[in-house]
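Everything below concerns the one structure shown next.
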Amino acid sequence: MKKSFVLPTFILLAGLVVFFCSSSNDKIVPVPLPATMPAPEPEAPVENSFTKSDIENFVEKFYSTLELSDEMNQRAFDEDLPFNTNAFYKCVNSQSIYSKVRLSNLTGDNHTYYRIGLKSIDSFSLNSNVYEVYTTVQYTIFELGTIQNIEKLTITNTGSSLVIAKWEDVRVKSMEIAEYDGLENYKETDFYKDLGSINK
């Protein structure tokens with residue numbers, strides 16, 4: 001009696017499962033996608049990061065824009081050639097602060113009497129995309145002597161390049177003054193007055 005009841009019940013349940021599965025498949029309705037998908041959030045621009053080597057190369061490049069080789073300096077003296085300042089102006093912009101008198105001495109009509117050379121990069125620090133670099137620079141001035149000067153460059157990271165924001169003096173490191181009359185008491189203040197400085 002129990003066996004005859006269980007078997008028809010099982011067959012009935014199996015039939016119902018098949019029916020509901022097949023009927024539910026017929027009723028699947030795809031969910032429509034939104035007409036417009038929201039635009040992705042724009043990515044924030046990534047500023048270029050510069051390594052210590054990049055900074056050092058830029059500083060060397062900056063000073064080299066004001067320096068001629070011995071051969072070119074002699075040629076400029078013999079042929080009265082003007083100094084090409086295009087490379088210098090690529091390292092600065094309209095907001096840069098530096099001595100126009102110094103630039104004129106190093107690149108103007110009498111530029112062959114002034115020689116500049118980077119001796120060393122002493123230190124640098126970073127603060128909010130602004131680098132502060134301390135250098136030792138040697139100046140040789142005709143009939144005056146050789147002076148080593150400690151300078152500070154403030155360099156701005158614009159996001160795509162480096163720019164000199166400020167070029168200033170710290171102090172004279174050493175002076176070898178020629179033995180000419182009138183130079184016996186030549187001082188640091190005289191050097192900055194003659195060469196040009198924004199802060200001395």
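Because only heavy atoms are used, hydrogens play no part in the values below, and waters and symmetry mates are left out as well, while side chains stay in. In what follows, residues are counted from 1 in the order of the sequence shown.
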Same cluster or not: are [X] and [Y] linked, directly or through other Ile, Leu, Val, Met, Phe, Trp or Tyr residues, by side-chain heavy atoms under 4.5 angstrom apart?
X: Val92; Y: Leu106; value: yes
X: Leu126; Y: Ile164; value: yes
X: Tyr134; Y: Ile55; value: no
X: Leu66; Y: Ile121; value: yes
X: Tyr113; Y: Val137; value: yes

Centroid separation Phe88 to Tyr98 less than 6.0 Å:
yes
On a heavy-atom basis, which atom in [X] and which in [Y] lie closest, and how many Å separate them?
X: Ser99; Y: Ser197; result: OG-N, 3.5 Å
X: Thr154; Y: Val130; result: CG2-CG1, 3.5 Å
X: Arg115; Y: Leu68; result: NH2-O, 2.7 Å
X: Cys91; Y: Phe62; result: CB-CD1, 3.9 Å
X: Ile147; Y: Leu144; result: CD1-CD2, 4.5 Å
X: Asp54; Y: Leu162; result: O-CD1, 4.2 Å

Compare all side-chain heavy atoms of [X] with those of [Y] and state whether any distance is below 4.5 angstrom.
X: His111; Y: Asn105; result: no
X: Val59; Y: Leu118; result: yes
X: Ser161; Y: Val163; result: yes

When rounded to the nearest 0.5 angstrom, what distance separates [atom1] in [X] from [atom2] in [Y]?
X: Asn129; Y: Ile155; atom1: CG; atom2: CD1; value: 12.5 Å
X: Glu132; Y: Leu153; atom1: CD; atom2: CG; value: 10.5 Å
X: Phe142; Y: Asn110; atom1: CZ; atom2: CG; value: 11.0 Å
X: Ser123; Y: Lys152; atom1: OG; atom2: NZ; value: 10.0 Å
X: Trp167; Y: Asn199; atom1: CH2; atom2: CG; value: 12.0 Å

Side chains of Tyr63 and Thr135: any donor to acceptor distance under 3.5 Å?
yes
For Tyr114 and Glu67, test the side chains for any donor-to-acceptor distance below 3.5 angstrom and give the result as yes or no.
no
Flag yes if more than 12 heavy atoms outside Asn93 fall under 6.0 Å of its CG atom; otherwise flag no.
yes
Looking only at atom types and distance, does a side-chain atom of Thr107 sit under 3.5 Å from a main-chain N or O of Leu103, one as donor and one as acceptor?
yes
Sub-3.5 Å donor-acceptor pair from the side chain of Ser104 to the main-chain atoms of Val101, do we have one?
no
Among pairs that include at least one residue of residues 175-195, which meet side chain to side chain donor-acceptor pair (under 3.5 Å), considering only residues two or more places apart or in two chains?
Asn149-Tyr192, Tyr186-Asp194
In sequence, state the C-alpha distance, the side-chain angles, and the governing distance for Tyr131 and Phe50, and then conclude on side chain to side chain contact (heavy atoms under 4.5 Å, CB included).
CA-CA 10 Å; Tyr131 300 90; Phe50 294 95; 3.8 Å; yes
Taking Glu151 as the fixed residue, which of Arg171, Arg102, Lys166 is the one that meets the salt bridge (Lys or Arg N to Asp or Glu O under 4.0 Å) rule?
Arg102
